[in-house]
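Following: one structure in structure tokens, then a few remarks.
This chain uses plain numbering: 1 for the first residue, then up along the sequence. All ligand and atom numbering here is 1-based and tracks the order in the structure.
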Amino acid sequence: MTTTSQPDIQFIRGACPHDCPDTCSVITGVQNGRAISFEGNPEHPITRGWLCAKVRPYLDRVYHEERLLYPLRRTGPKGSGMWERISWDDALAEIKANWERIIAEDGAQAILPYSYSGTLGAVQGSAASSRFWLRLGATGLERSICDAAASVGIKATYGGGFAPDLRDVVDCKFLLIWGTNPASTSPHSMPFIREAQKNGCHVVVIDPRRSLTARSADEYIPIKPATDAALALGMINLLFEEGLADKAWLEANTIGWRDLRDRAAEYPLDKAAEITGIPAEKIADLTRRFAAANPAQLKTNDGIQRHGNSGQTFRAVIALPAVAGKIGVKAGGLTYSASGFSAWDSDAITHMSDAPTPPRFVNMNRLGAVLNGEVAGPPIRSLFVFSANPATSTPNTALILKGLLRDDLFTVVHEQFMTDTALYADIVLPATTQLEQEDIHKASGHRFIHYNNQALDPPGETVSNWDLMRKLSALMGFDEPWLHLDARQAAEEILTRSQQSNPNLRGICFDELRATGVAEMKITPGMDIPFADGIFPTPSGKLELRADSLIAEGLDPLPHYAPPKEFEDRPANDDRLILISAASHHFVSSSMANQPKLEAKEGLPPRLDIHPADAATRGISDDCDVMIANQRGWAVLKARLSEETQPGVVVAPKGRWGQRSPGGHGLNWTTSDDLGDTGRHATFHSNLVTVTPVER
Ligand SMILES: Nc1nc2c(c(=O)[nH]1)N[C@H]1C(S)=C(S)[C@@H](COP(=O)(O)OP(=O)(O)OC[C@H]3O[C@@H](n4cnc5c(=O)[nH]c(N)nc54)[C@H](O)[C@@H]3O)O[C@H]1N2
Ligand SMILES: Nc1nc2c(c(=O)[nH]1)N[C@H]1C(S)=C(S)[C@@H](COP(=O)(O)OP(=O)(O)OC[C@H]3O[C@@H](n4cnc5c(=O)[nH]c(N)nc54)[C@H](O)[C@@H]3O)O[C@H]1N2
Ligand code: SF4
Ligand SMILES: [Mo]
């Protein structure tokens with residue numbers, strides 16, 4: 001049922017597992033047990049038959065000669081890269097012996113599982129990251145590296161992520177793309193945006209640097225990093241001052257609009273202009289045009305979430321379309337995430353009601369600090385990493401490596417490749433790719449549910465995340481059935497139980513989903529156009545422009561602008577520049593960054609974009625090696641003089657591996673592990689570095 005046959009080729013329907021709003025539907029052609037083609041599903045209304053630059057060559061990844069195929073045990077000092085092949089039985093026995101000793105002395109809380117975005121599947125990602133670890137009683141992980149600032153803001157304000165249908169964008173007349181770069185990070189939204197442009201839509205991008213998306217927009221507005229709250233509040237103030245705010249809609253559908261109006265009054269145009277670096281007339285003009293257009297939409301995502309002040313910034317930005325009266329209109333409103341439509345039942349994923357509450361939590365952004373003792377109670381004595389590469393992707397690399405080098409830390413890494421993190425493990429376990437495992441997927445960018453059928457036998461002795469959790473459950477003597485279901489049973493359980501709590505999922509038949517690989521949700525009437533029914537799943541049932549739910553967490557219930565800690569009180573002669581390390585075009589975080597063709601396409605050697613004015617004062621010329629540095633660490637890149645960034649801001653994409661970079665240092669040697677203002681979120685882009693030429 002799951003295959004369509006040609007003479008001797010089977011076509012298996014699957015889903016892209018990566019952290020990307022598009023969640024493409026993919027079809028793998030398999031002949032004699034080997035994948036010979038990998039393509040986007042032509043019938044899928046969002047995928048439309050094509051895949052992005054990074055995942056199109058997925059078979060290069062699957063058949064990469066450096067795939068890890070067998071368990072390994074460290075034989076030299078930590079990080080030395082000296083290994084011996086061992087059997088799965090020996091690997092598991094060693095894990096068991098270490099864990100039993102640690103648990104006897106300090107309890108299972110001394111064990112920390114660290115996983116994140118390797119796969120976003122409900123089984124291989126979410127269930128594998130929760131069930132066994134809850135049952136074990138391990139330390140819990142605050143999963144705050146990516147969308148924590150926005151999660152707090154969207155829930156407090158709108159009640160959840162309910163974006164307009166991506167396909168409706170074609171009818172939008174004014175699209176404000178704010179702090180996101182979909183041309184790289186959600187490429188399947190671009191054809192819809194282009195069609196809108198053909199239909200007369202005016203597309204504006206607000207970003208500190210001219211991103212790939214900005215290059216094809218109708219208008220690009222550069223902004224000083226982390227000042228977006230001042231811009232949004234300045235615009236909101238003008239809407240009220242000029243009678244452009246939709247007061248009737250605000251009165252009927254929101255709480256706190258008068259408080260927000262009063263707060264916004266603290267941001268007159270001149271002040272907003274001074275803070276953001278955008279001329280006052282430009283802000284006024286943008287505000288008036290956004291207000292006048294219908295339907296008009298604001299599209300935002302992660303770029304504005306990576307600063308110390310992002311929680312309040314995000315709240316200010318998402319208030320704008322509400323004040324302008326754009327919500328509840330087809331093709332208008334706010335696009336952040338569509339995840340709210342497809343929410344899985346959290347207990348169906350985790351079985352937390354059947355397991356003990358985690359004894360404590362640590363914040364994943366603070367991994368380095370945590371491994372070096374920043375934890376209440378006994379230290380972390382065993383770290384288990386899977387679906388993540390913290391030695392590349394988590395901030396403050398130097399501190400993480402110091403922790404990973406601890407002799408008394410027992411580290412296991414389950415991986416497809418010998419990543420910067422796996423290099424420091426005591427035991428490395430080989431992991432499957434998406435073609436070798438089964439899973440069910442929802443999407444954050446659209447309204448389709450996908451099934452990933454297994455296309456290939458696992459190579460060597462590779463094991464999926466979920467099967468590894470089943471092995472670990474058996475190893476530790478846990479016999480609850482919910483730990484031992486196979487992946488298909490777990491997927492079916494998750495869908496079936498979620499259908500009880502989420503009506504949007506009810507029309508989906510599991511067997512049909514497996515057969516076709518795709519099912520469209522039937523959205524509850526009234527929410528098809530988000531909030532057209534005027535019902536918001538917030539405590540008040542209204543859109544909360546003043547979110548009193550935040551007061552309990554010690555937060556300002558109204559958005560405001562304050563600079564991130566990293567940028568406060570900068571001396572007049574401070575010559576440091578702000579480093580923005582947003583998404584690359586050819587990798588997903590650090591995944592794919594070891595595929596030579598993609599690495600070359602992204603650019604070798606890795607570049608740092610610097611404005612010619614900043615380069616001149618530092619004696620930096622095009623192609624010269626430069627060191628970026630601060631109190632946390634350094635990395636070396638090749639300078640590219642570019643007017644696509646602004647003075648004061650340097651740009652280099654995230655994801656390059658340390659082991660493939662000069663001196664073994666990637667960018668995150670410089671990034672801060674300070675936590676942001678709400679959601680204890682990551683602050684990668686609030687990063688001041690000196691930039692100096694280096695001799696090589
Ligand atoms: N090709 C590719 N796609 C990816 C990823 C990848 O690594 N590569 N990563 C995936 C993941 S994990 C995520 S979370 C998403 C991220 O996807 P996006 O939402 O696009 O986030 P970023 O690329 O981090 O940043 C987007 C833009 O925000 C800008 N920005 C930075 N600071 C500010 C600011 O203060 N104000 C404003 N207005 N803009 C700012 C950056 O310059 C950048 O152009 O993409 C996913 N998709
Ligand atoms: N400087 C800077 N750093 C950033 C960001 C930034 O904007 N700037 N963005 C941050 C963001 S948004 C995110 S989401 C994080 C992402 O950080 P991570 O979640 O650590 O993502 P990756 O670095 O891609 O590492 C994922 C690893 O999982 C492995 N993997 C893939 N599939 C599987 C599987 O099925 N099983 C197992 N066991 N392993 C698998 C891959 O080989 C890869 O090594 O990075 C953050 N890092
Ligand atoms: S990374 Fe995104 S665009 Fe690329 S194939 Fe996966 S879901 Fe599609
Ligand atoms: Mo992310």
Nearest-option assignment for [atom], heavy atoms, candidates [options]:
{"atom": "atom 1 (N) of ligand 1", "options": "Ser310, Ala583, Ser584", "answer": "Ser584"}
{"atom": "atom 3 (S) of ligand 3", "options": "His450, His18, His188", "answer": "His188"}
{"atom": "atom 25 (O) of ligand 1", "options": "Ser393, Ser686, Gly303, Pro653", "answer": "Gly303"}

Quick test: of every protein heavy atom, which one is nearest to [atom], and how far off is it to 0.1 Å?
{"atom": "atom 44 (O) of ligand 1", "answer": "Asp207 OD2, 2.6 Å"}
{"atom": "atom 30 (N) of ligand 1", "answer": "Pro208 CD, 3.6 Å"}
{"atom": "atom 6 (Fe) of ligand 3", "answer": "Cys16 SG, 2.3 Å"}
{"atom": "atom 11 (C) of ligand 1", "answer": "Asp19 O, 3.6 Å"}
{"atom": "atom 15 (C) of ligand 1", "answer": "Asp302 OD2, 3.5 Å"}
{"atom": "atom 32 (N) of ligand 1", "answer": "His307 NE2, 3.2 Å"}
{"atom": "atom 9 (N) of ligand 1", "answer": "Lys654 NZ, 3.4 Å"}

Any idea which atoms of ligand 3 are less than 4.0 Å away from a heavy-atom of Cys52?
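Near Cys52, meaning under 4.0 Å from one of its heavy atoms, ligand 3 has 1 (S), 3 (S), 4 (Fe), 5 (S).
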
Does ligand 1 have any atom that is closer than 4.0 Å to a heavy atom of Ser184?
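A heavy atom of Ser184 does come that close to ligand 1.
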
So, 4.0 Å and heavy atoms of Gly655: is ligand 1 close enough to count as a contact?
no

Between His446 and His44, is a ring-ring contact (aromatic ring centres under 6.0 Å, His included) present by the stated rule, with each step listed?
CA-CA 11 Å; His446 56 69; His44 190 284; 5.5 Å; yes

May I ask you to list the atoms of ligand 1 that are less than 4.0 angstrom from any heavy atom of [X]?
{"X": "Ser589", "result": "6 (C), 7 (O), 12 (S)"}
{"X": "His685", "result": "24 (O), 31 (C), 32 (N)"}
{"X": "His585", "result": "1 (N)"}
{"X": "Phe587", "result": "1 (N), 2 (C), 6 (C), 7 (O), 8 (N)"}
{"X": "Ala226", "result": "34 (C), 35 (O)"}
{"X": "Arg306", "result": "14 (S)"}
{"X": "Ile206", "result": "38 (N)"}
{"X": "Ile580", "result": "31 (C), 32 (N), 42 (O)"}

Should the proximity of [X] to ligand 3, defined as any heavy atom under 4.0 Å, be assigned to the side chain, the backbone, both, or neither?
{"X": "Lys54", "answer": "side chain"}
{"X": "Pro187", "answer": "side chain"}
{"X": "Thr23", "answer": "backbone"}

For ligand 1, which is the ligand I care about here, please tell me if [X] has any N or O atom under 3.5 Å from one of the ligand's N or O atoms.
{"X": "Thr227", "value": "no"}
{"X": "Asn181", "value": "yes"}
{"X": "Ala582", "value": "no"}
{"X": "Thr185", "value": "yes"}
{"X": "Lys224", "value": "no"}

Which one holds for [X] and ligand 1: side chain close, backbone close, both close, or neither close, with close meaning a heavy atom under 4.0 Å?
{"X": "Asp228", "result": "side chain"}
{"X": "Cys146", "result": "side chain"}
{"X": "Ile304", "result": "side chain"}

Any salt bridge between Glu602 and Arg660, counting N to O under 4.0 Å?
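Salt bridge between Glu602 and Arg660, a charged N being under 4.0 Å from a carboxylate O: no.
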
Which heavy atom of Asp19 sits nearest to which heavy atom of Ser117, and what is that distance?
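Result for this residue pair: OD2-CB, 3.6 Å.
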
Does a donor on one side chain sit under 3.5 Å from an acceptor on the other, for Asn668 and Thr397?
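Side chains of Asn668 and Thr397: no pair found under 3.5 Å.
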
Without hydrogens or angle criteria, can the side chains of Ser393 and Ser589 be said to hold a donor-acceptor pair below 3.5 Å?
no

At less than 2.8 Å, would any N/O/S atom of Cys24, backbone or side chain, sit next to atom 8 (Fe) of ligand 3?
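An N, O or S atom of Cys24 is closer than 2.8 Å to atom 8 (Fe) of ligand 3, so yes.
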
Would Arg48 and Phe192 count as a cation-pi pair here, with the cationic atom under 6.0 angstrom from the ring centre and within 45° of the axis?
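Positive - Arg48 is close enough to the ring of Phe192 and near enough to its axis.
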
Aromatic centroids of Tyr158 and Tyr336 separated by under 6.0 Å:
no

Any N/O/S atom, backbone or side chain, of Cys20 lying under 2.8 Å from atom 2 (Fe) of ligand 3?
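Coordinating: yes.
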
